[in-house]
Amino acid sequence: MVKVLAAVAREHHAPLRLESLQLDAPRESEILVRVVATGVCHTDIVVRDGMLPTPLPAVLGHEGAGIVEQVGSKVTKVAVGDHVVMSFNSCGQCPSCEDDAPSYCHEFFPRNFLADRPDGTSALRGDDGLVHSNFFGQSSFATHALCHQANVVKVPKDAPLTLLGPLACGVQTGAGAVFDTLKVQAGQTIAVFGCGSVGLSAVMAAKVAGARHIIAVDTNDARLDFARSVGATLTINPANTPATNAILAETGYGVDHALDTTGIAAVIRSAVESLAPRGTCGMIGAAGPGAEVVLDEVHFLSGGRRLVGIVEGGSIPDQLIPKLITLNAEGRFPFERMVTFYPFADINTAISDSETGVCIKPVLLMPER
Ligand SMILES: [Zn+2]
Ligand SMILES: [Zn+2]
């Protein structure tokens, strides 16, 4: 049993509350991590606001970075003292997991959003009773977290650990979409719709891939300036210029790849209409349950265009995250420029700054022991 300081979501739309809780010792296949820092992802905010059926009270957080403090008897992947990040969880035995596609795990939803162990137990409790744990197989808004072999990723000890949490979800989602799903090649063209941390990560990855045109679309001019500084070759503010027209004017036939990070139906349609024949549009942004997208059927069919849903980049965290760390060390993937650090105690400020666009990617620093 470990005493932890955790940010607990007790009511929808309400600030998280810092509380002292008890965390179970790791079971045989669990890993106890002392969290050093954790990113805040848009999904944490969506869950806090009740848009997904995660039970409360719960400890959210799913971009944890830290140091392994204890491992269960069956854990072989990491050892005490290893530096790790914690990514999304998966079951390891469904057809997707067996095919090395863990982000499409058939149990993705229960393993990540139901915030309990598969047997229904929770590892956290406070004075008022049970608190749901195991959100994304971690619940990293706490000074310690329990994770699993499926979602722990060992990182080099000379990498800047406090910075690495966002690689576990937001940055992985944007960069992985470019590298692992769209497989953007040198000389190809891409348009990225939405310049939050996911979209900007996609822009940086497209530059690494050697894309010829990297077109960033957003209604926030400051974000467009940022996109240009990390590799966008053209930026479009659709409040001033229809994005599809500008993309067709720049590229002639349209782009080879488009990526929607907004989840807005009209933006997805615009992204698809910006595609060249045989181009692919990836959908990353999640709309609410039951949302529909309308496409021009003849345009879509006659060009052999594709539209594909993407979760967590479609990536394998054990492969992509070390690759991103190497690219960052080489100065080719400057994701640290998106990060603003906050003390853990200021978690609610960090969340509201992220919602209002004051910061791009908040990272919470845990108190020193
Ligand atoms: Zn699975
Ligand atoms: Zn996330």
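Just follow the structure's listing: the first ligand is 1, and inside any ligand the first atom is 1.
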### Query
Below 4.5 Å, heavy atoms only, C-beta onward: do N151 and F88 meet side chain to side chain?
no
### Message
If I only include protein atoms of type N, O or S, how many are less than 2.8 Å from the Zn ion (ligand 1)?
### Response
4
### Residues, nucleotides or ligands: over 12 heavy atoms within 6.0 Å of R306 CZ
no
#### Entry: Within 6.0 angstrom of E355 CD, more than 12 heavy atoms from elsewhere
yes
### Task
Return the number of protein N, O or S atoms with a distance to the Zn ion (ligand 2) smaller than 2.8 Å.
3
### Task
Would you mind reporting whether T43 and F113 have side-chain heavy atoms less than 4.5 Å apart?
yes
### Message
Under the ring pair (Phe, Tyr, Trp, His ring centres under 6.0 Å) definition, can you give me all pairs with a residue in residues 147-189, not counting sequence neighbours?
### Response
none
### Query
Run the side chain to side chain contact (heavy atoms under 4.5 Å, CB included) check on V178 and H257 step by step: do they pass?
CA-CA 9 Å; V178 167; H257 307 279; over 6 Å; no
#### Entry: Electrostatic pair K323-D180, nearest N-O below 4.0 angstrom
no
### Task
Check whether more than 12 heavy atoms from other residues, nucleotides or ligands sit under 6.0 Å from atom NE2 of H42, and answer yes or no.
no
### Message
I'd like to check the ring-ring contact (aromatic ring centres under 6.0 Å, His included) partners of Y253; sequence neighbours left out, ordered by chain and number.
### Response
none
